[in-house]
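Everything below concerns the one structure shown next.
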Amino acid sequence: MAELNMLELGGFGGLILLALDVYALVSILSSRASTGAKVVWTLVVFFLPLLGFILWLFFGPRGSTRNA
């Protein structure tokens with residue numbers, strides 16, 4: 001029987017990681033951070049998908065919030 005390992009970057013785990021990274025990238029690009037900060041965070045998330053997402057989650061810029 002196949003062992004389910006969410007840290008394996010293939011199959012379902014990879015799909016989840018892709019969705020989380022896309023969410024992070026959209027949030028980075030919609031934030032009010034400087035262009036330089038956006039570029040750095042985008043590169044971190046792109047080249048280090050799992051670690052980059054975790055770092056962004058704790059330290060990255062947040063997306064802008066709309067006032068209704």
Side-chain angles (χ1 to χ4, degrees):
M1 190 172 221
E3 178 182 332
L4 292 176
N5 185 358
M6 286 302 291
L7 294 178
E8 180 181 328
L9 298 181
F12 189 65
L15 187 62
I16 290 174
L17 181 59
L18 177 64
L20 292 174
D21 282 345
V22 168
Y23 171 75
L25 291 172
V26 168
S27 180
I28 290 166
L29 296 176
S30 68
S31 72
R32 294 184 181 191
S34 68
T35 302
K38 288 180 183 183
V39 169
V40 169
W41 278 111
T42 300
L43 291 174
V44 169
V45 171
F46 183 78
F47 286 112
L48 303 169
L50 182 59
L51 181 62
F53 175 76
I54 293 170
L55 289 173
W56 167 80
L57 191 62
F58 290 109
F59 303 112
R62 297 290 173 238
S64 62
T65 57
R66 291 186 177 186
N67 293 331

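Being a predicted model, the structure only gives us computed values, none of them experimental.
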Check: Should F59 and Y23 be regarded as members of a common hydrophobic cluster, given that ILVMFWY residues are connected when their side-chain heavy atoms come within less than 4.5 Å of each other, either directly or indirectly?
Finding: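 Per the 4.5 Å side-chain linkage, F59 and Y23 are co-clustered.
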
Note to self: Check for me, please, whether L25 and F58 land in the same ILVMFWY cluster - side-chain distances under 4.5 Å, paths through other members count.
What the structure shows: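 As far as the 4.5 Å side-chain criterion goes, F58 and L25 are connected within one cluster.
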
Check: For the atom pair CG (L57) and CD1 (I54), what is the distance rounded to the nearest 0.5 Å?
Finding: 8.0 Å

Notebook entry, point to check: Can you tell me how far CZ of F12 sits from CG of L17, rounded to the nearest 0.5 angstrom?
Noted result: 12.0 Å

Check: What are the two closest non-hydrogen atoms of F53 and A24, and how far apart are they?
Finding: CD1-CB, 3.9 Å

Check: For L51, what residues pass the side chain to side chain contact (heavy atoms under 4.5 Å, CB included) criterion, not counting sequence neighbours?
Finding: L48, L55

Donor-acceptor list for residues 36-45 side chains, cut-off 3.5 Å, not counting sequence neighbours:
residue, atom, partner, partner atom, Å
K38, NZ, L29, O, 3.3
K38, NZ, S31, O, 3.2
T42, OG1, K38, O, 2.7

